[in-house]
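Being a predicted model, the structure only gives us computed values, none of them experimental.
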Amino acid sequence: MRRPLAAAAAGLVLVAGAAAGAATVLSSAAAPPRHAPGASAPTGTTPAPGDSNPPGDIPDTQVFVPWSAPGGGFTVKVPEGWARTTQGSATVFTDKFNSVRVEGIHASTAPTTNSVRAKDIPAIRATSTHFTLVKVADVQRKGGRAVLAEYRADSAPNQVTGKRIPLDVQRYVFYQSGKGEAVLTLSGAVGADNVDPWRTVTDSFRWH
């Protein structure tokens with residue numbers, strides 16, 4: 001599986017800073033507990049399935065639930081149980097190093113790889129630390145065509161330690177005439193293997 005690269009610049013700030021906002025949690029069962037890196041399971045017990053996942057990996061047991069944008073327009077599945085915050089027109093779901101950012105944007109023309117390179121990427125680069133563009137490409141998902149920008153950048157400083165972590169980011173821009181753009185930005189710590197969960201999210205996108 002290839003590693004994901006995805007969060008708009010604003011999404012990067014939210015990964016480390018989501019705790020600063022008032023977070024609400026989607027109702028659900030919590031993900032299976034994990035042991036701290038390097039720690040072994042108690043004697044006589046069998047490790048839970050999630051114990052083999054590196055920090056930042058989304059467990060295979062993660063459940064995804066449909067979520068609709070305020071005011072309607074589109075629906076996308078998001079990880080159940082993740083903290084939810086609202087910043088402006090965007091809604092962000094976070095857990096540890098991972099983030100799903102969803103935003104509806106007014107637009108009268110469909111995005112292209114050239115328009116994303118010319119307009120979106122410079123804006124992201126200007127507000128990011130250690131930004132590295134990987135690619136911009138047209139992709140097809142079950143809900144339709146999207147322009148994907150993959151890049152790497154640092155998170156915002158941790159509110160307690162001040163440390164940053166490098167993130168792999170995927171930013172998908174879907175478009176429908178009369179409804180504008182729907183931007184899904186997915187991010188996780190570099191090295192996390194979240195290709196399948198991110199595919200679940202992006203394949204679930206549907207216009208109403």
- Can you tell me how far the CH2 atom of Trp82 sits from the NZ atom of Lys96, to the nearest 0.5 Å? 9.0 Å
- Dump the intermediate steps for side-chain contact (heavy atoms from CB on, under 4.5 Å) on Arg152 and Val190, then the final yes or no. CA-CA 8 Å; Arg152 180 172 291 183; Val190 170; 3.4 Å; yes
- Message: Using 0.5 Å steps for rounding, measure from the OG atom of Ser108 to the CD atom of Glu181.
- Response: 9.5 Å
- Note: Val116 and Pro111 closest approach over all heavy atoms is CG2-CB, 4.4 Å
- Starting at CZ of Arg206, measure out to NZ of Lys77 and round the result to the nearest 0.5 Å. 9.0 Å
- Message: Are Val102 and Val183 packed together at the side-chain level, in the sense that at least one heavy-atom pair is separated by less than 4.5 angstrom?
- Response: no
- Message: Can you give me the closest heavy-atom contact between Gly191 and Asp168, atom names plus distance?
- Response: N-OD2, 4.0 Å
- What is the minimum heavy-atom distance between Ile58 and Gln62, and which atoms define it? CG2-CB, 3.6 Å
- Task: Indicate yes or no: at least one non-hydrogen side-chain atom of Asp57 is less than 4.5 angstrom from one of Phe97.
- Result: no
- Indicate yes or no: at least one non-hydrogen side-chain atom of Thr112 is less than 4.5 angstrom from one of Val147. no
- Query: Taking C-beta and beyond as the side chain, do Tyr172 and Glu150 meet within less than 4.5 Å on heavy atoms?
  - Reply: no
- Message: Please report the interatomic distance CZ(Arg125) to NE2(His130), rounded to the nearest 0.5 Å.
- Response: 13.0 Å
- Item | N/O donor-acceptor pair under 3.5 Å between Ser155 side chain and Ile165 backbone | yes
- Task: Evaluate the criterion side-chain contact (heavy atoms from CB on, under 4.5 Å) for residue pair Phe93 and Asn98; output intermediate values, then yes/no.
- Result: CA-CA 8 Å; Phe93 303 88; Asn98 301 305; over 6 Å; no
- Between the CG atom in Asn194 and the CG atom in Leu186, the distance rounded to the nearest 0.5 Å is 9.5 Å
- Item | Contact check, side chains of Thr91 and Arg84, non-hydrogen atoms, under 4.5 Å | yes
- For Ala118 and Pro122 the tightest heavy-atom approach is O-CG, 3.3 Å
- Item | Residue pair Leu184, Arg101: steps toward the side-chain contact (heavy atoms from CB on, under 4.5 Å) verdict | CA-CA 6 Å; Leu184 307 184; Arg101 185 178 192 272; over 6 Å; no
- Message: Whether the side chain of Gln87 engages the backbone of Val92 through a donor-acceptor N/O pair (distance < 3.5 Å, no angle test) should be reported.
- Response: no
- Given side-chain contact (heavy atoms from CB on, under 4.5 Å), test Lys142 with Thr202 step by step and report yes or no. CA-CA 8 Å; Lys142 292 182 179 179; Thr202 57; over 6 Å; no
- Item | Those residues that, when tested against Phe205, pass ring pair (Phe, Tyr, Trp, His ring centres under 6.0 Å) (two or more places apart) | Phe74, Phe174, Trp207
- Query: Does Phe64 reach the side chain of Pro197, with side-chain heavy atoms less than 4.5 Å apart?
  - Reply: yes
- Note on the structure: Rounding to 0.5 Å, atoms OG1 (Thr129) and CZ (Arg164) come to a distance of 4.0 Å
- Item | Test side-chain contact (heavy atoms from CB on, under 4.5 Å) applied to Pro79 and Val100, Asp95, Thr94, Thr200, the passing residue | Val100
- Under 3.5 Å donor-acceptor, Ser128 side chain and Phe131 backbone: no
- Query: Do the side chain of Arg141 and the main chain of Asp203 share a donor and acceptor less than 3.5 angstrom apart?
  - Reply: no
- Note on the structure: Tightest non-hydrogen contact, residues Gly104 and Ser89, listed as O-OG, 4.1 Å
- Would you please name every residue forming a salt bridge (charged side-chain N to carboxylate O under 4.0 Å, His left out) with Asp120, sequence neighbours left out? Arg171
- Query: Does the Tyr175 side chain pair with the main chain of Arg145, one donor and one acceptor, at a distance under 3.5 Å?
  - Reply: no
- Query: Looking at side-chain heavy atoms only, is the closest gap between Val65 and Val78 below 4.5 Å?
  - Reply: yes
- Does any N or O in the side chain of Thr161 come within less than 3.5 Å of the main-chain N or O of Asn158, such that one atom is a donor and the other an acceptor? no
